[in-house]
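Working notes for the structure below.
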Amino acid sequence: MSEEIHKEEVHKLEAQRRANRDAAAALGLNPYGSRVEGLIANAAARALHSDAADAEHSAHGKEPGFADPRAKARVAGRVTLLRDNGKLIWLQVRDATGDLQVAVSQRDCPSGFQLAKLSDLGDVIVAGGRVMKTKTGEVTIWADEVLPGAKSLTPPPAKHEGLHDVEIRYRQRYVDLWANPETLQVFELRSRIVARVRRLLEQRGYLEVETPMLQTLAGGAAARPFVTHMNALDIKLFMRIAPELYLKRLLVGGMPKVFEINRNFRNEGLDKQHNPEFTMLEAYHAFGDVETVMELTESLVRDAAMEVSGGKGVLPFGDLTIDYNKPFRRVAYGELFEKAYGFPMTDAGKSRETLKKMRPNLAAAIDAMDPSLLVNELFEEKGEAQLDHAVPTFITDYPAAISPLTRPKPSNPMLADRADLFIAGMEIAPHYTELNDPDVQEAKFREQLKGLDEGKNAEEQTFRTFDHDFIRALKVGMPPAGGMGLGIDRLVMILTNQRTIRDVMLFPMMRPEE
RNA sequence: GAGGGCGUAGCUCAGUCGGUAGAGCAGCGGCCUUUUAAGCCGUAGGUCCGGGGUUCGAGUCCCCGCGCCCUCACCA
């Protein structure tokens, strides 16, 4: 590409920045910087300020042989404000810990002053000098050095507005992160939440493992997988939809407590709570049951809430104030059902009538429907709505008929040993007493496959397959176990008060540009 | 998948009834050594998302398309 053609296409604002960059280079400075020793964060530099040292400097600064007691600091960041007063330039420099003012005086720092004159908003610079306070009380580095970090050829978003355009925020997260400090804060919290979850699991003796993300069969959940191909073996592969069946194999092998925090991939729609790749914690506890893992989840969520709230355990989510200190509420599925409809879910006749009234055009289909399925239709319509969104709540005792991969309750085989945690109306974690009888599991697999012959499309046929190796593993003998799955993205949403999953994912799925 | 909203300067946004394209910030030139959304003087900047149509005339009205957002539906 010829230089002239290239220049013709360059936006005027970029051309001006290129000219400033080249002028800095002409001063003998590398506009893209190099290694710098002794950098500290802006927050740390700010903390070095001392009023006493300032006072001593103003009292005796002009005396010969004066030893300046003010701390020195060297910081680096983006230029977010730039006020040129002629022979004194004020800069605001932003790093991950916040903004800090830097003053560059022509008299006190002639070489840095030359560079400051050539700086543009958005440039990365390094500044060092004494930490002092201006007469208006702003902690400031009075520069004795200014060095280039990286030239920004791109004009930044409006300095006080920040970047509003959500599409640019997601597509160019690198701009969003520095231009909108709230964005960086969410992802710092996310990192701390995940670290805290991991630490608690380790403290409780869970071993962190990594199981295949590329699988020859995509099992462990009912979802459409992404399909890919492996050249070396010339085989079809699936991106995993869940790690469940591999983690259970590890229980068979004798690992007593395992967990994995990693990505799942589901080839389904996108909305405020769904992204095609998302992060899931799954944990399994041999010789535990649904109660064991409910207690685990409650501890994990409370612990993470403490981390985010600075120990208070109370956090806002939209209009709600959610208190994580109290024991999470537990409500039986049947209880919510009865509260919503005024009759027990065992009353199949009334259930059928009620559903027909709600969906008069589907009356024929409803007549043919299995009672437990129509109960669940009704439940999803009004049952979950009975929950208080401000109170973290486990829904327990799901009907066994809608929980095919869960053990029935020993005390009542119509109910399943399953509980789902809801916070703010969002389902964030299911819990199960896991099935470990190979014959029962095999029968469930066959039942799932059978349903496919009627009505389901060919695409679904291709990925609903029978996992023979998993049955083989269960035949070796898997201890009884409790298992749970926690949607990390949704947990982060709730704890950081973000309304959409995209705001807690650094690079959410977007349609490609052009 | 259905419905609705949005797309205008680098950024944030106005744009009335269809009548020559606007502001603030950023930029450029000038002045200024304690500014705080610095100030003052001057100045430049547009594929109005793309394509077609109606009209004497379209940012504005109509049609098609693209992207994003919202609501609903689908989805263990």
Side-chain angles (χ1 to χ4, degrees), chain A residues 10-17 19-20 54 58 79-92 99-110 113 116 120-122 132-143 152-172 175-176 179-180 219-225 241-242 244 264 266-276 280 373 376 380 398-399 401-406 416 418 420 427 429-430 432 444 448 451 456 460 464 485 487 499-500 502-503 508-514:
Chain A
V10 167
H11 190 277
K12 188 176 162 193
L13 295 175
E14 180 178 330
Q16 288 163 354
R17 284 165 177 264
N20 285 340
D54 261 1
S58 34
V79 177
T80 52
L81 285 175
L82 203 158
R83 297 185 199 102
D84 184 345
N85 277 27
K87 297 190 179 65
L88 177 65
I89 300 175
W90 300 94
L91 304 165
Q92 194 174 70
D99 294 341
L100 186 65
Q101 180 165 270
V102 174
V104 189
S105 148
Q106 185 175 38
R107 184 210 314 126
D108 298 334
C109 184
F113 183 81
D120 292 299
L121 293 179
M132 45 82 72
K133 248 185 197 174
T134 63
K135 63 186 181 193
T136 50
E138 178 92 15
V139 174
T140 299
I141 290 186
W142 196 265
S152 177
L153 298 177
T154 310
K159 59 185 178 184
H160 303 297
E161 289 284 345
L163 181 59
H164 287 193
D165 186 317
V166 289
E167 186 173 353
I168 300 175
R169 287 187 50 228
Y170 298 148
R171 289 194 192 277
Q172 301 184 38
V175 176
D176 184 31
N180 296 330
R224 282 161 197 259
I241 56 174
E244 172 163 343
N264 288 343
R266 297 189 181 175
N267 204 344
E268 291 168 356
L270 298 101
D271 62 32
K272 285 167 92 170
Q273 290 176 37
H274 296 85
N275 193 71
M280 186 87 158
L373 290 181
N376 201 46
E380 284 180 2
Y398 278 76
I402 59 162
S403 311
L405 297 183
T406 313
R418 166 186 169 192
D420 278 16
E427 183 180 5
Y432 305 97
K444 300 282 190 194
Q448 276 197 319
K456 298 287 182 181
E460 273 181 77
R464 295 276 175 91
R499 289 320 193 115
T500 91
R502 294 183 201 101
D503 285 332
M509 181 58 61
M510 299 288 279
R511 197 177 291 273
E513 298 177 86
E514 287 156 75

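The sequence lines fix the lettering, A, B, ..., with proteins before strands; numbering per chain opens at 1.
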Discussion item. Test your reading of the model: is there a side-chain donor-acceptor pair from A:Thr140 to the backbone of A:Trp142, 3.5 Å cut-off?
Written reply: no

Worksheet item: A:Leu121 near the nucleic acid: base, sugar-phosphate alone, or nothing, with a heavy-atom cut-off under 4.0 Å?
Response: sugar-phosphate

Worksheet item: Does the B:A26 base have a donor-acceptor partner in the side chain of A:Asp120 within less than 3.5 Å?
Response: no

Worksheet item: How many Å lie between CZ on A:Arg107 and C1' on B:C32, as a whole number?
Response: 15 Å

Worksheet item: Is any N or O donor-acceptor pair between the side chain of A:Glu138 and the base of B:U34 shorter than 3.5 Å?
Response: no

Worksheet item: If you look at every heavy atom in A:Arg17 and A:Thr154, which pair is closest and at what distance?
Response: NH1-O, 3.6 Å

Worksheet item: The side chain of A:Asp84 lies closest to which of these nucleotides: B:U33, B:C32, B:C75?
Response: B:C32

Practice prompt. Determine the contact category for A:Arg171: base if any of its heavy atoms lies under 4.0 Å from a base atom, sugar-phosphate if only primed atoms, P, OP1 or OP2 are that close, otherwise nothing.
Written response: sugar-phosphate

Response to the item:
Looking only at B:U34, B:A26, B:C75, the nucleotide nearest the A:Lys159 side chain is B:A26

Discussion item. Mind checking if A:Leu81 touches a base, just sugar-phosphate, or nothing, with heavy atoms under 4.0 Å?
Written reply: sugar-phosphate

Worksheet item: Across the strands shown, which category fits A:Thr500 at heavy-atom distances under 4.0 angstrom: base, sugar-phosphate, nothing?
Response: sugar-phosphate

Worksheet entry | Which nucleotide in B:G67, B:U33, B:U12 has an atom nearest any side-chain atom of A:Leu163 | B:U12

Discussion item. To check you understand the geometry: which heavy-atom pair defines the closest contact between A:Thr406 and A:Arg418, and what is its length?
Written reply: CG2-CB, 4.0 Å

